[in-house]
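Below is one structure, written out as structure tokens, with a few remarks after it.
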Protein chains: 2
Amino acid sequence: MHRHEGHDACRSDAPDMLARAEALCRERGLQFTPLRRDVLEAVAESDKAQGAYDIAERLSVPGKRVAPVSVYRALDFLMEQGLVHRIASRNAFIPCAHGHAPGEGVIFLICRSCGAVDEASSADVEGGLERTLERAGFTPTHSILEVEGDCGACRKRARTP
Amino acid sequence: MHRHEGHDACRSDAPDMLARAEALCRERGLQFTPLRRDVLEAVAESDKAQGAYDIAERLSVPGKRVAPVSVYRALDFLMEQGLVHRIASRNAFIPCAHGHAPGEGVIFLICRSCGAVDEASSADVEGGLERTLERAGFTPTHSILEVEGDCGACRKRARTP
DNA sequence: TCTGGCGGTGATACACTGTAACAAACCCGC
DNA sequence: GCGGGTTTGTTACAGTGTATCACCGCCAGA
């Protein structure tokens with residue numbers, strides 16, 4: 001089990017994220033288009049989960065509107081490539097903090113106070129889940145695990161206002 | 001760890017569910033109104049997750065329309081009382097298969113083929129999750145764990161068509 | 001009895017989220 | 001240049017959820 005270390009730096013270091021995405025697309029023979037780049041950059045600019053419409057609005061400038069449907073398409077692409085995650089309980093999107101092993105379970109920690117979303121992973125949880133599913137005769141294809149609560153920073157802030 | 005036994009009977013035994021709900025409301029001094037009763041019954045009639053609009057349509061008869069907003073209000077009430085669950089990945093609702101210990105984690109097993117939703121629980125998963133959250137300095141208030149895949153019945157059906 | 005409050009419901013409107021369908025632009029190999 | 005796939009723009013629409021206000025029924029208290 002491990003928690004992802006150095007997370008904050010990761011999330012705010014958008015340039016690194018973009019470089020990684022570009023390399024990944026080149027490697028896979030896919031197009032890292034300007035729109036996809038812009039959407040990824042917009043998502044990576046914040047550690048809060050952002051809605052597709054927020055992103056569309058942020059990317060729009062007078063004279064050059066980006067329609068939500070375009071954002072959705074870019075997000076679909078970025079999710080397929082494992083570059084962003086969707087937070088089902090919020091209908092919102094966050095950058096993937098780091099390269100996950102394919103199929104590795106991710107736990108999203110969503111702070112109800114500051115809105116930041118952290119990622120964690122746990123071999124214990126994953127193993128327990130596998131055993132539970134097997135016992136139930138259930139073959140999983142995809143699982144989501146999202147926890148809402150208070151992050152350490154916000155709890156500390158609440159104690160010493 | 002245990003998987004909920006006798007689940008099918010539980011889910012289809014709507015009358016029992018209604019009696020339980022009524023008793024629970026009386027006990028808590030809350031109103032188990034006709035609308036709430038109808039909504040719970042509609043949810044309990046199927047082991048598939050149903051959308052609020054589906055429920056509204058099902059409850060509507062010529063001359064007596066039930067608006068989605070009314071269904072949402074009833075569902076909010078029923079969720080607060082722990083009688084129904086919301087499936088975040090589907091924007092849909094299912095009856096609670098049994099009385100959970102308050103705060104106990106539930107794992108939803110969603111079959112992508114037949115759409116049925118089963119419930120499971122696992123002390124392993126829960127313990128692992130607790131440890132992971134503590135390590136991350138995160139205080140949880142609510143967590144959702146939903147797994148999509150193929151249930152045993154559908155996998156068997158696929159093998160012998 | 002009257003009255004005021006309160007919870008529940010009905011009804012309308014609206015905001016937010018996501019997708020379908022089609023046309024235009026672009027890119028790339030032939 | 002041409003043909004075919006991919007990407008994007010645009011419009012329209014479906015699905016999901018909430019805000020607001022009015023009305024009703026009930027019940028406690030004057």
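Just so we're on the same page: letters track the sequence lines, and every chain starts at 1. These values consider heavy atoms only, across backbone and side chains, with no hydrogens, waters or symmetry-generated copies.
The ring of A:H85 has its center closer than 6.0 angstrom to the ring center of A:F108.
Between A:R90 and A:E148 there is a salt bridge, with a side-chain nitrogen of the basic residue lying less than 4.0 Å from a carboxylate oxygen of the acidic one.
OP1 or OP2 of D:dG17 has at least one side-chain nitrogen or oxygen of B:Y72 nearer than 4.0 Å. Distances shown here put a side-chain N or O of A:R36 below 4.0 Å from the OP1 or OP2 atom of D:dT8. Between A:N91 and C:dG18, a side-chain N or O to OP1/OP2 separation shorter than 4.0 Å is present. Considering only side-chain N and O atoms, B:S70 lies under 4.0 angstrom from the phosphate OP1 or OP2 of C:dG10. Distances shown here put a side-chain N or O of B:T33 below 4.0 Å from the OP1 or OP2 atom of C:dT9. Residue B:R73 places no side-chain N or O under 4.0 Å from the OP1 or OP2 atom of C:dA11.
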Apply side-chain contact (heavy atoms from CB on, under 4.5 Å) to A:F93 and A:V39, showing your working.
CA-CA 11 Å; A:F93 303 83; A:V39 169; over 6 Å; no
May I have the step-by-step check of side-chain contact (heavy atoms from CB on, under 4.5 Å) for A:L83 and A:C96, ending in yes or no?
CA-CA 5 Å; A:L83 293 165; A:C96 173; 5.6 Å; no
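Between the CG atom of A:D38 and the C1' atom of D:dT8 there is a distance of 13 Å, given to the nearest Å. For the pair A:D54 CG and C:dT17 P, the computed distance is 7 Å after rounding to whole Å. Here C:dT17 presents its C1' atom at 13 Å from CD1 of A:I55, a figure rounded to the nearest Å. Following rounding to the nearest Å, B:R37 (CZ) and C:dT9 (C1') show an atom-to-atom distance of 17 Å. Rounded to a whole Å, the OH atom of A:Y53 is 8 Å from the P atom of C:dT17. The distance between atom CG of A:D76 and atom P of D:dT8, rounded to the nearest whole Å, is 12 Å. Protein atom CD1 of A:I87 is 12 Å distant from nucleotide atom P of C:dG18, rounded to whole Å. The nearest whole Å value for the distance from the CD atom in B:E57 to the C1' atom in D:dA14 is 13 Å.
Residue-level contact check: A:V66 touches neither bases nor backbone, having no heavy atom under 4.0 Å from any strand. Contact annotation for B:R90: no contact, since no heavy-atom pair falls under 4.0 Å across all strands.
Comparing A:Q31 and B:P68 along DNA chain D, the residue whose closest nucleotide (by nearest heavy atom) sits nearer the 5' end is A:Q31. Residue B:L30 is the one, among B:L30 and B:R65, whose nearest nucleotide of DNA chain C lies closer to the 5' end (criterion: closest heavy atom).
Taking only side-chain atoms of A:L35, from C-beta outward, the nucleotide of C:dG18, D:dT8, C:dA20 with the closest atom is D:dT8.
A donor and an acceptor atom, one from each side chain of A:R36 and A:Q31, are nowhere located under 3.5 Å apart.
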